[in-house]
Amino acid sequence: MPIPRRDARSRPASAATGRWSRSRAKARRKPRFASLKKGQLIESITLDEALALFALPRTLGEWEGEPMVVGLGRFGAYVRWGKSTFASLAKGDDPYTLTLERGVELIKAHQAQRTAANTPIRSFAEDPDMLVKNGRYGAYIAYKGKNYRIPKGTKPEELTLDECLKIVAASKK
């Protein structure tokens, strides 16, 4: 539904109800859409509030020579550093007011988490191929290119080489 008001460049703005959410659009050759924030209603949104929704993605600044950008994506708000490092924003973080310092904290925490996930929990000198690792779905055993699930109730830090070999032998792989 067209609104008689226009943005700063004298382009018409409109409000629409989409397939999954209500949104606000600025007229262009191809319209841009932005989701409404929690608590905003399509019936009561003002033009200034609607135009503020188009502030994302925005550049926070540079860190270690790479640009840091905050935006809204398919899975929620994120911070992107460089071309391939993405970190999700915490529940209390607002992408419209996020600072460069907080973005750096989120990226560092994400990098530390990824590093911790790649380091083995336990390794054995007798058999260097046997590793106990911490993965996305919990601890597991990596042995000769294959992964084996650790039974529930077993503490991965306390596994011995013999227990690991029993788990590998009992597996169907």
Side-chain angles (χ1 to χ4, degrees), residues 7-9 11 13 16 18-26 28-40 45 48-125 127-150 152 154-159 164 173:
D7 69 2
R9 293 186 184 148
R11 293 181 300 206
R19 186 171 178 182
W20 289 285
S21 67
R22 294 183 172 142
S23 61
R24 189 79 185 196
K26 289 197 295 189
R28 292 181 166 190
R29 290 188 180 129
K30 182 177 179 185
R32 264 182 79 193
F33 293 90
S35 295
L36 298 179
K37 292 181 186 178
K38 236 179 198 175
Q40 285 183 325
I45 191 168
D48 293 333
E49 291 172 342
L51 294 176
L53 297 174
F54 291 99
L56 296 178
R58 69 181 176 94
T59 303
L60 299 176
E62 285 203 7
W63 179 57
E64 295 183 358
E66 295 284 338
M68 188 171 294
V69 177
V70 64
L72 288 174
R74 182 177 177 186
F75 302 108
Y78 66 88
V79 175
R80 183 186 72 213
W81 177 58
K83 294 190 181 205
S84 61
T85 306
F86 290 83
S88 295
L89 267 59
K91 289 228 184 232
D93 291 329
D94 181 22
Y96 294 96
T97 60
L98 194 76
T99 63
L100 178 63
E101 292 77 25
R102 178 65 180 143
V104 170
E105 287 175 20
L106 290 168
I107 293 292
K108 284 183 178 179
H110 177 71
Q111 289 175 335
Q113 183 181 13
R114 290 188 67 175
T115 303
N118 291 335
T119 57
I121 296 173
R122 181 111 196 229
S123 60
F124 304 96
D127 193 353
D129 290 336
M130 180 74 68
L131 296 172
V132 179
K133 293 184 171 183
N134 193 11
R136 184 176 183 179
Y137 303 107
Y140 65 95
I141 298 170
Y143 184 61
K144 292 186 178 178
K146 293 188 179 181
N147 298 331
Y148 302 91
R149 188 174 55 87
I150 295 175
K152 286 190 176 185
T154 308
K155 294 185 179 179
E157 309 86 34
E158 299 174 1
L159 283 173
C164 289
K173 290 184 181 180

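Remember, it's a predicted structure, so these values are computed and weren't measured experimentally.
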Partner set under side chain to side chain contact (heavy atoms under 4.5 Å, CB included) for Lys38, not counting sequence neighbours: none
Report, one line per pair, each donor and acceptor closer than 3.5 Å where one atom sits in a side chain of residues 65-73; sequence neighbours left out.
none

Residue pairs passing the salt bridge (Lys or Arg N to Asp or Glu O under 4.0 Å) test where at least one lies in residues 67-86, sequence neighbours excluded: none
Pairing residues for Glu64 by the side chain to side chain contact (heavy atoms under 4.5 Å, CB included) criterion, not counting sequence neighbours: Trp81
Show me the side-chain donor-acceptor pairs of residues 51-63 shorter than 3.5 Å, one per line, residues at least two apart or across chains.
{"residue": "Arg58", "atom": "NE", "partner": "Pro95", "partner atom": "O", "Å": "3.3"}
{"residue": "Arg58", "atom": "NH2", "partner": "Pro95", "partner atom": "O", "Å": "3.2"}
{"residue": "Arg58", "atom": "NH2", "partner": "Tyr96", "partner atom": "O", "Å": "3.3"}
{"residue": "Arg58", "atom": "NH2", "partner": "Leu98", "partner atom": "O", "Å": "2.7"}

Give every donor-acceptor pair under 3.5 Å between a side-chain atom in residues 137-144 and any protein atom, sequence neighbours left out.
{"residue": "Tyr143", "atom": "OH", "partner": "Asp127", "partner atom": "OD2", "Å": "3.3"}

Name every donor-acceptor pair, under 3.5 Å, that has one atom in a side chain of residues 100-111 and the other anywhere in the protein, sequence neighbours excluded.
{"residue": "Arg102", "atom": "NE", "partner": "Asp93", "partner atom": "OD1", "Å": "3.2"}
{"residue": "Arg102", "atom": "NE", "partner": "Asp93", "partner atom": "OD2", "Å": "3.2"}
{"residue": "Arg102", "atom": "NH1", "partner": "Glu105", "partner atom": "OE1", "Å": "3.0"}
{"residue": "Arg102", "atom": "NH2", "partner": "Asp93", "partner atom": "OD2", "Å": "3.0"}
{"residue": "His110", "atom": "NE2", "partner": "Phe86", "partner atom": "O", "Å": "3.1"}

Partner residues of Thr154 under the side chain to side chain contact (heavy atoms under 4.5 Å, CB included) criterion, sequence neighbours left out: Ile150, Pro151, Leu159
For the student: nearest non-hydrogen atoms of Glu158 and Arg122, plus distance: C-NH1, 3.9 Å
